[in-house]
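Throughout, residue positions are numbered sequentially from 1 according to the sequence presented. All of these numbers come straight from a predicted model, not from anything done at the bench.
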Amino acid sequence: MKWYSIAKKDIKLMLKDPSAIVVLLLLPIMFITIMSLALSSTYGSVDAPIEIVYLD
């Protein structure tokens, strides 16, 4: 049950410092967005769309 007490302590610390919650949530989202925009031309695909056959 060591992990439970560690998690409880961390949650208490986060509730005391709301800016930490913003940093933990906002910074990864911003990083992913910036990196995906920067690398979209490198890894992006301009090929024709994939056709999917559907039989009823």
If you link I, L, V, M, F, W and Y whenever their side-chain heavy atoms are under 4.5 Å apart, who else ends up in the same group as [X]?
| X | answer |
| --- | --- |
| Leu27 | Val23 |
| Leu25 | Met14, Ile21, Leu24 |
| Leu15 | Ile11 |

Item to complete: Provide the full list of side chain to side chain donor-acceptor pair (under 3.5 Å) pairs with a residue in residues 4-15, sequence neighbours left out, each pair given once.
Response: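 Output for this query is empty, none listed.
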
Discussion item. Listing request: all side chain to side chain donor-acceptor pair (under 3.5 Å) pairs with a residue in residues 13-31, at least two apart in sequence or in separate chains.
Written reply: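 Pairs touching residues 13-31 that pass the test: Asp17-Ser19.
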
Under 3.5 Å donor-acceptor pairs involving side-chain atoms of residues 28-39, not counting sequence neighbours:
from: Thr33; atom 1: OG1; to: Ile29; atom 2: O; distance (Å): 2.8
from: Ser36; atom 1: OG; to: Ile32; atom 2: O; distance (Å): 3.0
from: Ser36; atom 1: OG; to: Thr33; atom 2: O; distance (Å): 2.9

